[in-house]
Amino acid sequence: MYRANFIGFGLAVGSSAFIGSSFIIKKKGLQRAGASGSRASSGGYGYLLEPLWWIGMFTMIIGEFANFIAYMYAPAVLVTPLGALSIIVSAVLAHFLLKEELRKLGILGCVLCVVGSTVIVLHAPGEHSISSVEEIWELAIQPAFLLYTASAAAVVLVLVLYCEPRYGQTNIMVYIGVCSIIGSLTVMSIKAIGIAIKLTLEGSSQVAYFKSWVFAMVAATCIITQLIYLNKALDTFNTAVVSPIYYAMFTSLTILASAIMFKDWSGQSASSIVSVLCGFITVLSGTMVLHSTRDPEKQSSADYSAITPQISWLVHANGEIWKQKDNDELHTEYVAIIHQDHFK
């Protein structure tokens, strides 16, 4: 049991290292591509011709694959919170490679993440032994998890059909709520698929079971939905705000879903459960501290000028003011032309 947890822990840490590194490598690739052509934020696709960007993409795929395998060996309560380590990796590499300053508070955030992760690892429950997809299916259709799934679906429908049209552009919790709720179901489906693959590789084929394909279809649907709404959140709100809130909600709901479906804490002492929760809160605090020290990315002047209205204000000697559009002739009697940018 603890050997499986150790394997899952190693894979999760390796996954965080690869994913955290991929952010920096891809950003370096984007910077190189932007220096010789239009930037990605301006709709350019020059980065697709930049080898460094593809190296970063390949690194991220390796990290995600390692994370997928980690769920085969360890419970979600251990694997999911360790995703915060990727933030530490990217913050440290950004300090040395991108010259982004890592302040003292940022270092404190890294230490909190490490301490919290250590507490989680030391007190995480062991993975229960499962011998077939049929067992996972029985866990998935137990009344408690069906109630969680029905509640999750109902909340998502309310957020998508009612809240999104009205508050989607102003309330960050709408998009992140959908991502987090769907994300918890994604992890449960991915874990079921991972266990099925593990059993198949061990000689007990699960491919013929229809339920294996049901889990695969649910996982694909949830992943697509999750990515759509995560992109909406990132496109609408500041990344420094989206990331910690999404991490907190996604990890909390994933731990809850896993505890209901797989009964991760069954047979665990109260002190172990409290220790894991305290470790998670510590990691969450470190994540929020790290993101609070990040400088917002500045928009380039080229991008800004592309969206600036081409209107000038003409101030005449007699004090009269009016707007001049591009097709208007310049009046001979004026004191100054003040562009709209002047007031930004």
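Start at 1 with the first residue, then count along the sequence. Heavy atoms only: backbone and side chains are in, while hydrogens, waters and symmetry mates are out.
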* Asked: What residues, two or more places apart in sequence or in another chain, satisfy side-chain hydrogen bond (donor to acceptor under 3.5 Å, both in side chains) together with Ser184?
  -> Tyr148
Would you say [X]'s side chain and [Y]'s backbone share a donor-acceptor pair under 3.5 angstrom?
| X | Y | value |
| --- | --- | --- |
| Ser204 | Thr200 | no |
| Gln142 | Leu139 | yes |
| Arg166 | Tyr162 | yes |
| Thr254 | Ala76 | no |
| Asp264 | Pro125 | no |

[X] [atom1] to [Y] [atom2] distance, which is reported to the nearest 0.5 Å:
| X | Y | atom1 | atom2 | value |
| --- | --- | --- | --- | --- |
| His95 | Arg103 | NE2 | CZ | 11.5 Å |
| Leu284 | Thr251 | CG | OG1 | 8.0 Å |
| Ser21 | Met60 | OG | CE | 10.5 Å |
| Ile88 | Thr287 | CD1 | OG1 | 8.0 Å |
| Phe262 | Glu135 | CZ | CD | 11.0 Å |
| Thr186 | Ile181 | OG1 | CD1 | 11.5 Å |

With hydrophobic residues grouped by side-chain heavy-atom distances under 4.5 Å, do [X] and [Y] end up in a single group?
| X | Y | result |
| --- | --- | --- |
| Val156 | Ile228 | yes |
| Phe65 | Leu227 | yes |
| Val119 | Val121 | no |
| Ile69 | Leu201 | yes |
| Leu93 | Val111 | no |

Shortest non-hydrogen contact between [X] and [Y], atoms and distance:
| X | Y | result |
| --- | --- | --- |
| Ala74 | Val79 | CB-CG2, 3.8 Å |
| Ala257 | Phe145 | O-CE1, 3.9 Å |
| Thr80 | Tyr247 | O-CE1, 4.4 Å |
| Val174 | Cys163 | CG2-CB, 4.1 Å |
| Ala248 | Ser252 | O-OG, 2.6 Å |
| Ser90 | Phe23 | CB-CD1, 4.3 Å |

* Asked: Within a reach of under 6.0 Å around CE of Met288, are more than 12 heavy atoms found that belong to other residues, nucleotides or ligands?
  -> no
* For side chain to side chain donor-acceptor pair (under 3.5 Å), just list the numbers for Ser212 and Gln206, CA-CA rounded to whole Å, side-chain angles, deciding distance to a tenth of an Å, and then say yes or no. => CA-CA 7 Å; Ser212 299; Gln206 305 295 309; 5.2 Å; no
* Take Lys191 and Ile195 through the test side-chain contact (heavy atoms from CB on, under 4.5 Å) and record every step on the way to the result. => CA-CA 6 Å; Lys191 187 170 178 63; Ile195 293 174; 4.2 Å; yes
Is any side-chain heavy atom of [Y] closer than 4.5 Å to one of [X]?
| X | Y | value |
| --- | --- | --- |
| Ile190 | Ile223 | yes |
| Val276 | Pro81 | no |
| Ser22 | Met57 | no |
| Trp53 | Ile25 | no |
| Lys26 | Thr59 | no |
| Met249 | Met173 | yes |
| Leu11 | Asn67 | no |
| Phe215 | Val218 | no |

* **Intermediate values then yes/no, side-chain contact (heavy atoms from CB on, under 4.5 Å), His291 and Ile87** => CA-CA 9 Å; His291 279 283; Ile87 301 173; 3.9 Å; yes
* Would you please test Ser15 and Ile19 for side-chain contact (heavy atoms from CB on, under 4.5 Å) and show each step? => CA-CA 6 Å; Ser15 168; Ile19 292 174; 3.5 Å; yes
* To do: Sequence neighbours left out, what passes salt bridge (charged side-chain N to carboxylate O under 4.0 Å, His left out) with Lys211? Give chain and number order.
  => Glu134
* Asked: What pairs of residues pass the side-chain hydrogen bond (donor to acceptor under 3.5 Å, both in side chains) test when at least one of them lies in residues 269-284, not counting sequence neighbours?
  ->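 Sorted result for residues 269-284: Ser269-Ser271, Ser269-Ser272.
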* Asked: Which class fits the ring pair Tyr246 and Phe250: parallel under 30°, tilted 30 to 60°, perpendicular over 60°?
  ->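 Taking Phe250 first and then Tyr246, their aromatic rings lie parallel (interplane angle under 30°).
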* Asked: Passes side-chain contact (heavy atoms from CB on, under 4.5 Å), Val13 versus Phe18? Steps please.
  -> CA-CA 9 Å; Val13 172; Phe18 277 105; over 6 Å; no
* Under the ring-ring contact (aromatic ring centres under 6.0 Å, His included) rule, what do Trp137 and Tyr209 come out as? Steps first, then yes or no, please. => CA-CA 11 Å; Trp137 184 262; Tyr209 288 98; over 10 Å; no
